[in-house]
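Read through the structure below, which is laid out as structure tokens, and then see the notes.
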Amino acid sequence: MQTLAGPSMNAVWQEFDVSTASRIGGLHQRPCILWFTGLSGAGKTTTANLLEGRLRGDGRRTVILDGDILRQGLNRDLGFTDADRVENMRRTAEVARLFADTGHVVIVALISPFRKERAMAREIAGSVPFYEVYFDAPLATCEERDPKGLYRRARCGEIANFTGIGSVYEPPFAPELRVDSGSLSVDDAVGRIIALL
């Protein structure tokens with residue numbers, strides 16, 4: 001048995017009769033975590049939606065963990081300070097790992113602005129294959145798209161610490177895949193991600 005450290009030090013790791021291997025054995029797919037990162041408006045959620053439809057059409061078991069949706073439930077107690085963003089990524093990575101352990105292809109669509117915390121998410125994934133997919137679109141393109149009106153509000157001072165305006169985004173140095181989402185179509189982006197898988 002493994003004893004956990006930190007505030008949960010009295011919690012003890014429980015081994016279950018049904019192993020991860022047996023949970024995923026009959027699914028005929030390899031679980032993994034696709035971690036989509038990039039500025040707001042770079043195309044993460046749109047691509048995740050189309051990708052999931054394609055994978056489901058092929059009989060794959062999938063789940064999308066979208067940043068905006070998580071912030072309406074699991075992470076609704078978090079703001080947008082650096083510390084809150086770190087915790088947002090940590091919780092999301094833990095949930096992604098739980099889904100992957102049940103055999104899912106997990107598609108995470110999260111700005112996740114910090115390199116160190118994206119590395120933490122990879123570490124949390126453990127033995128689960130983890131693919132960092134960087135949606136690389138210029139800030140000007142993302143602002144032009146501005147599907148949620150957030151850049152406009154940030155420029156007007158209505159939103160503090162908005163990534164790309166009042167808070168930094170650290171692009172990955174070596175993602176498994178870079179998607180030039182400023183010029184590449186969503187359909188082509190999905191094709192490249194499927195090829196990666």
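All residue numbers refer to positions in the sequence shown, counting from 1.
To the nearest 0.5 Å, atoms CD (Glu123) and CD (Glu117) are separated by 11.5 Å. Distance CZ/Arg85 to OG1/Thr163: 3.5 Å, rounded to 0.5 Å. Interatomic distance, Tyr151 OH to Glu144 CD, rounded to the nearest 0.5 Å: 12.0 Å. Here the CG-CZ distance, from Leu50 to Arg54, works out to 4.5 Å after rounding to the nearest 0.5 Å. Arg56 CZ to Arg61 CZ: the interatomic distance, rounded to the nearest 0.5 Å, is 8.0 Å.
Of the possible donor and acceptor atoms, one in the side chain of Glu176 sits under 3.5 Å from a partner among the backbone N and O of Glu132. Checking side-chain atoms of Asp146 against main-chain N and O of Leu150 turns up a donor-acceptor pair under 3.5 Å. Proximity of a side-chain donor or acceptor of Arg115 to a complementary backbone N or O of Pro171 within less than 3.5 Å is detected. For Arg178 (side chain) and Asp136 (main-chain N/O), no donor-acceptor pair under 3.5 Å exists by modelled atom type.
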Report the C-alpha separation of Phe36 and Ile193 in whole Å, then their side-chain angles, then the decisive distance to 0.1 Å, and conclude whether the side chain to side chain contact (heavy atoms under 4.5 Å, CB included) test is met. CA-CA 10 Å; Phe36 291 3; Ile193 296 163; 3.6 Å; yes
Checking side chain to side chain contact (heavy atoms under 4.5 Å, CB included) for the pair Ile111/Lys44: CA distance, chi angles, key distance, verdict? CA-CA 8 Å; Ile111 291 172; Lys44 299 178 301 297; 4.0 Å; yes
Start with the C-alpha distance between Phe162 and Phe80, add both sets of side-chain angles, then the distance that settles ring-ring contact (aromatic ring centres under 6.0 Å, His included), and finish with yes or no. CA-CA 8 Å; Phe162 189 73; Phe80 291 91; 8.2 Å; no
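Other residues sharing a hydrophobic cluster with Met120 under the 4.5 Å side-chain heavy-atom criterion for ILVMFWY residues are Ile33, Trp35, Val63, Leu65, Leu70, Leu74, Val86, Met89, Val95, Phe99, Val106, Val108, Leu110, Phe114, Ile124, Val128, Phe130, Val168.
By the rule that hydrophobic residues join a cluster once side-chain heavy atoms approach within less than 4.5 Å of another member, Leu197 and Val190 end up as members of one cluster. Grouping the Ile, Leu, Val, Met, Phe, Trp and Tyr side chains by contacts below 4.5 angstrom, directly or via other members, places Tyr134 apart from Ile64. Using a 4.5 Å cut-off between side-chain heavy atoms of Ile, Leu, Val, Met, Phe, Trp and Tyr, with links allowed through other members, Leu55 and Leu196 fall into the same hydrophobic cluster.
Under the salt bridge (charged side-chain N to carboxylate O under 4.0 Å, His left out) criterion, Asp66 pairs with no residue, sequence neighbours left out.
Across every non-hydrogen atom of Ala100 and Cys32, the tightest pair is CB-O, 4.5 Å. Arg30 and Tyr131 get closest at one heavy-atom pair: NH2-OH, 2.6 Å. When every heavy atom of Thr45 is checked against every heavy atom of Ala109, the shortest pair comes out as OG1-CB, 4.0 Å. A pairwise comparison of heavy atoms in Ala42 and Gly38 identifies CB-C, 4.4 Å as the closest pair. Across Arg71 and Leu78, no two heavy atoms sit closer than the pair NH1-O, 3.0 Å. The two residues Cys142 and Ser40 make their nearest non-hydrogen contact at CB-O, 3.3 Å.
Leu51 has its side chain within reach of Leu34: a pair of non-hydrogen atoms, C-beta onward, lies under 4.5 Å apart. Counting heavy atoms from C-beta on, the side chains of Thr46 and Phe135 never come closer than 4.5 Å. Contact of the Pro113 side chain with the Asp82 side chain is not registered, since no non-hydrogen atoms from C-beta on lie closer than 4.5 Å.
In summary, of the residues considered (Arg153, Arg152, Arg155), a salt bridge (Lys or Arg N to Asp or Glu O under 4.0 Å) with Glu143 occurs for Arg155 alone. With Val133 as reference, Leu177 is the one residue of Thr47, Thr37, Leu177 to meet the side chain to side chain contact (heavy atoms under 4.5 Å, CB included) rule.
Salt-bridge formation is detected for the pair Arg97/Asp101: a Lys NZ or Arg NE/NH1/NH2 atom is positioned less than 4.0 Å from an Asp or Glu carboxylate oxygen.
Residue Glu94 places its CD atom among more than 12 non-hydrogen atoms of other residues, nucleotides or ligands, all under 6.0 Å distant.
No side-chain N or O of Ser112 forms a donor-acceptor pair with one of Arg118 less than 3.5 Å apart.
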